[in-house]
Amino acid sequence: MALKIEFMNERWFKYIWINGEFVEADKATIHVATHSLHYAGAVYEGEMAYSGKVFKLEEHTERLIKSAKTLRIPLKFGFEDIIKAHEDLLTKNSIEDAYVRPLIWRGSESLNISNPVLSSNIMICAVRASPRKLCGGKLYISDWIKPYPRSLPPQCKSSGHYSIAPLIVEEAMEKGYDDALLLDWRGYVAECTTSNIFFVKGNLVVTPIADSFLNGITRQVILAAAKDMGLETREEYIRPEDIENYEESFLTGTAAEVKKVDSIDAGDKRIIFEKNEITRAMQERYRKLTRGI
Ligand code: PMP
């Protein structure tokens with residue numbers, strides 16, 4: 001039995017690239033026994049296309065392939081094929097600006113946890129990008145923590161990592177926040193649900209060491225850009241009680257881009273970031289890198 005993929009609205013681009021072919025988005029189907037649907041074993045990327053080109057496509061494709069290899073999902077398409085498929089998808093849909101989503105998942109031949117005959121599938125779809133919010137707003141430190149790295153490999157972008165992300169965001173919103181900041185298993189500041197975090201004091205830009213959470217591509221771009229702009233950068237372990245020593249904070253992510261954090265509630269303390277000078281400079285630099293303006 002096949003399950004029709006329900007498409008939300010007109011924001012979706014018409015054609016999906018799936019296993020080497022184009023299918024109309026509202027005709028694409030997956031099987032109800034899809035292994036990755038049951039066992040959260042898909043791997044994916046979140047990418048942005050600007051003026052008909054995916055920003056950092058090579059880096060995203062490398063991470064996608066690495067994530068699949070980490071979970072031992074065999075690949076039918078290699079690096080060059082996946083790059084070409086992106087280009088074809090953008091051309092076929094006449095895409096200028098979009099959020100682009102490649103996904104690799106195990107097929108539906110068996111529900112056994114491990115079965116060597118399981119097929120591997122890949123699709124790339126795209127959705128019209130909505131305007132980015134420059135402000136990340138209000139955060140609080142969630143009771144949920146990032147998984148222990150030996151329970152889920154942090155650099156593998158798999159659906160399994162995201163199973164409780166909707167719950168974390170919904171809890172945050174119910175409490176009047178925009179998102180939650182998560183600590184790692186040691187109690188160090190890690191990241192938000194789908195973005196990395198930075199702190200600023202004077203000309204010093206600090207971000208946590210990415211050994212328990214995703215070392216985001218945007219995080220790496222921003223670290224390099226900050227260095228290039230003559231700012232001092234550091235990656236270090238940050239405890240929740242250190243947050244109040246900083247004057248600015250911002251979030252980074254492919255979809256989030258660079259967003260200012262207004263405040264973080266840590267226990268019964270509200271840390272308000274009044275300044276935004278470096279944050280604005282990073283936003284400008286990122287806009288230049290992605291949009292050339
Ligand atoms: N952390 C998590 C958990 C994410 O989902 C994302 C978004 N992919 C990021 C960080 C930022 O990563 P990137 O800059 O590569 O988009």
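We count ligands from 1, going down the list as the structure has it; atoms in each ligand are counted the same way.
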task = Could you tell me which non-hydrogen atom of A49 sits nearest to which non-hydrogen atom of L90, and how far apart they are?
result =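 For A49 versus L90, the nearest heavy atoms are CB-CD2, 4.1 Å.
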query = Is it the side chain (CB and beyond), the backbone, both or neither of H161 that lies under 4.0 Å from ligand 1, heavy atoms counted?
reply =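 Within the 4.0 Å criterion, H161 makes no contact with ligand 1.
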Polar proximity ligand 1 side, [X] side, N/O cut 3.5 Å exclusive:
X    : result
T252 : no
K157 : yes
A255 : no
E191 : yes
R219 : no

key: Over 12 non-hydrogen atoms of neighbours within 6.0 angstrom of CD in E232   =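 Enclosed.
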Just need the protein heavy atom nearest to [atom], so name the residue and atom and give the distance.
atom                    : answer
atom 5 (O) of ligand 1  : Y162 OH, 2.5 Å
atom 7 (C) of ligand 1  : T194 O, 3.4 Å
atom 14 (O) of ligand 1 : T218 OG1, 2.6 Å
atom 16 (O) of ligand 1 : T254 OG1, 2.6 Å

ask   = In terms of atom number and element, which parts of ligand 1 are under 4.0 angstrom from non-hydrogen atoms of G253?
value =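 Per the distance check, 11 (C), 14 (O), 16 (O).
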Pairwise side-chain contact, [X] with [Y], heavy-atom cut-off 4.5 Å (strictly under):
X    : Y    : value
Q283 : F250 : no
I264 : F199 : yes
V189 : I141 : no

task = For the pair E247 (side chain) and K275 (backbone), establish whether a donor and an acceptor sit closer than 3.5 Å, ignoring hydrogens and angles.
result =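 Pair absent, no side-chain N/O of E247 close to backbone of K275.
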key: Gap separating the CD atom of E62 from the CG atom of L57, nearest 0.5 angstrom   =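 Reported to 0.5 Å precision, the distance equals 10.0 Å.
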Ring-face cation contact, Y177 with K138, 6.0 Å cut, 45° max =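 Yes, a cation-pi geometry holds between K138 and Y177.
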